[in-house]
There are 2 protein chains.
Amino acid sequence: MDPQQLRTFVAVVDHSSFSAAARALGYTQSAVSQHIAALEADLEAPLVTRRPVAPTEAGGRLLEHARPLLLRLDAARADLGRLRRTRPGRLAVACTPGALTPAVAEAVTRVRTASPRLAVSVRVCGRDEAVEAALTGTADLALADGAVAPSDPLPLPEAAPLTAFGIAQEPLAVLLPAGHPLAGRPALRLADLAAARWIDAPDAAVPLDELRAAARTDGFGPQLGYAGADFRGLCALVAAGGGLAAAARDAARGVAGVVAVPLSAPRLVHRVEVLHPRTPTAPAAGLAEALRPTASGTAGG
Amino acid sequence: MDPQQLRTFVAVVDHSSFSAAARALGYTQSAVSQHIAALEADLEAPLVTRRPVAPTEAGGRLLEHARPLLLRLDAARADLGRLRRTRPGRLAVACTPGALTPAVAEAVTRVRTASPRLAVSVRVCGRDEAVEAALTGTADLALADGAVAPSDPLPLPEAAPLTAFGIAQEPLAVLLPAGHPLAGRPALRLADLAAARWIDAPDAAVPLDELRAAARTDGFGPQLGYAGADFRGLCALVAAGGGLAAAARDAARGVAGVVAVPLSAPRLVHRVEVLHPRTPTAPAAGLAEALRPTASGTAGG
DNA sequence: GAGACTTACGCAAGTCGTAAGTATA
DNA sequence: TATACTTACGACTTGCGTAAGTCTC
């Protein structure tokens, strides 16, 4: 089970093609074929069907291990790299849309103003991608948001250890189109929305999976998928009646056609966390410190 | 970062010697030397000091990744192996001492009686070892115990996904020698024991680290280390005044010289969980089902 | 028959063991 | 000086690319 072979296997599945994976990895088709053959011989099980190329049951199982494994391998290399050379001239932040609150934006701006020679960059992406960036060193610090029970930590993929602490916790709201019959209510319970259609936008708002888990419910009937990390686009869909979404109460403030109604039951909050490697770069440590809640803060971690 | 090289690195650190690691792995010293040299060249950092052989800072960091990485690699192989061949004639259980409650023992006996041709084995070991056994297929099912806040899950190392559910939850107690001034109390608070000496027996009783984490305290002053998974020996030490330990209230019932006093604050319970791979073997699934709490059960999970 | 995966084969690189080298207690 | 790690070197294995082969749509 060579990591290189695992990487090839993942690429083959992602591209549903040996040749496309070869192109992506800079190999020949032949090499890819040999990688897969070697893996299948090693594990004594077919991993992908050919024509069409798709993971078998064993292949699916292997995938669940391979991805975290490769991520952790990259994280290990990045971790050791950080020990050696520190790159104090850069501060790259990876951030989920819901985590880029005004307070966060202000803190980033403050760092930027205070250190004019520091190359500050912010990348908005999904949570998994943000965690991956923090682990592999693509970003120096990540910010993620989600829905959890009050004072619970966010359920993060634990491929490798990350330091995490909460910086904000506020009411969780349901985004409804302005004309929706429930839009005038002061608060809603999830039970009121049993028949509602939802939009599953795991990278732009609270992932439905997480809401389901935190609320200990199944449901959330037929969903409209929404890929990408653009919150405005999601709001447009909500406004158009495409479905509902969950977000922080103030996230959609001022967005035309969308009303945010707090969710009163089950008891859930919208939480934002800072994530960084256990040995952050100096600028990342500085920003993390600036974001850390003080005595008046609302979140622990 | 070849897994084989990582395995060699871990062995070198564990044996504090290149030659001993070579013997253990079936290599020559030369090969071990080359593995380490290759790793150090790859990661561009010294990983172990020579003479004496000990991990450097970078080496320590690498270790934190390498162990879970190798475990997950083994878990992946075991997982795929289970898909292929099922070994219905065996039921190997790995179990922490505190998890082998009378109810568990009875359930195992019942399985054994019901299936006379099934080779049933129970191995008592520390929690990490039990988790490892369940992940790598050394055991078909694991049972682990620990101290947590009521209805919280046990904090398990998450090298790879395991199905886990609680099967018992009962008051957590402090084990004191019979003559101890606090032995007569109906209940104790951790604060009463601020000055006490503890025994840290992570494989035989509740690990102090965990108690500390669950109680959100530092403390537990000077400790006596106790390695191994033998509960009787630990009780002997407690009886002799070697220090205190935490365990389920009924664990030390009937042990001469030891008194178990319930811990009333902070609010903690002793919890037992069943752990098995997501695709358990048939006998393991049977035992898990037999252990699963019914309507009258005390634990969720 | 064209596209896509597999197999054959040759070359280059890597890996291990033997043995000589070197450094430390 | 003895022990333990490192380096040199040769035999062998592995891994990749080229190119021919095979299978399916």
Side-chain angles (χ1 to χ4, degrees), chain A residues 1-60 62-63 66 69-70 73-74 76-77 80, chain B residues 1-60 62-63 66 69-70 73-74 76-77 80:
Chain A
M1 268 208 286
D2 185 89
Q4 203 66 351
Q5 293 174 356
L6 288 178
R7 205 153 255 144
T8 300
F9 170 65
V10 170
V12 163
V13 172
D14 285 347
H15 290 87
S16 301
S17 154
F18 282 44
S19 3
R23 271 192 299 279
L25 296 170
Y27 283 129
T28 58
Q29 299 164 3
S30 169
V32 170
S33 195
Q34 292 176 51
H35 278 186
I36 302 299
L39 269 181
E40 293 184 325
D42 181 14
L43 298 170
E44 298 178 56
L47 297 175
V48 292
T49 61
R50 323 291 149 100
R51 220 182 288 267
V53 173
T56 62
E57 185 185 358
L62 181 59
L63 263 188
L69 217 31
L70 293 172
L73 215 49
D74 292 342
R77 169 162 273 118
L80 280 268
Chain B
M1 268 208 286
D2 185 89
Q4 203 65 352
Q5 293 174 354
L6 288 178
R7 205 153 254 142
T8 300
F9 169 65
V10 170
V12 163
V13 172
D14 285 347
H15 290 89
S16 302
S17 153
F18 282 44
S19 4
R23 271 192 300 278
L25 296 170
Y27 284 128
T28 58
Q29 300 165 3
S30 168
V32 170
S33 195
Q34 292 175 53
H35 277 186
I36 303 299
L39 268 182
E40 293 185 324
D42 181 15
L43 298 170
E44 299 177 54
L47 296 175
V48 291
T49 60
R50 324 291 149 100
R51 220 181 290 265
V53 172
T56 62
E57 185 185 359
L62 181 59
L63 262 189
L69 218 31
L70 294 172
L73 216 49
D74 292 342
R77 170 163 271 117
L80 280 267

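Side chains are part of it too, since the values below use all heavy atoms of this structure and drop only hydrogens, waters and symmetry mates. Within every chain, numbering begins at 1; the chains are lettered A, B, ... in the order of the sequence lines, protein sequences first and strands thereafter.
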- To the nearest 0.5 Å, how far apart are CE in A:M1 and CG in B:L73? 4.5 Å

- Query: In whole Å, what is the span from the CZ atom of A:F9 to the P atom of C:dC5?
  - Reply: 15 Å

- Task: May I ask you to say what A:V53 touches in the nucleic acid, namely base, sugar-phosphate or nothing, with a heavy-atom cut-off under 4.0 Å?
- Result: sugar-phosphate

- Item | Check: A:E40 side chain, A:L47 main-chain N or O, donor-acceptor pair, under 3.5 Å | yes

- Report the distance from atom NE2 of A:H15 to atom P of C:dA4, rounded to the nearest whole Å. 14 Å

- Separation of atom CG in A:L39 from atom P in D:dG15, rounded to whole Å: 11 Å

- Just how far, in rounded Å, is P of D:dG17 from CG of A:L25? 11 Å

- Tell me, for nucleotides 12-19 of chain C in 5' to 3' order, what letter each nucleotide earns: B for a base near a protein heavy atom under 4.0 Å, S for only sugar-phosphate near one, - for neither? ----BBB-

- Message: I need the CE-P distance between A:M1 and D:dG15, as an integer number of Å.
- Response: 15 Å

- Just wondering, do B:D42 and A:R77 contact through their side chains at under 4.5 Å, heavy atoms? yes

- Item | Under the side chain to side chain donor-acceptor pair (under 3.5 Å) test, residues paired with A:S33 that sit two or more places apart | none

- Note on the structure: Closest heavy-atom pair, A:V48 versus A:F9, reported as atoms and distance to 0.1 Å, is CG1-CE1, 3.7 Å

- Item | Interatomic distance, B:F18 CZ vs C:dT22 P [rounded to whole Å] | 19 Å

- Does the side chain of A:S30 come under 3.5 Å of the side chain of A:Q34 through a donor N or O and an acceptor N or O? yes

- Any A:S19 side-chain N or O less than 4.0 Å from OP1/OP2 of C:dC5: yes

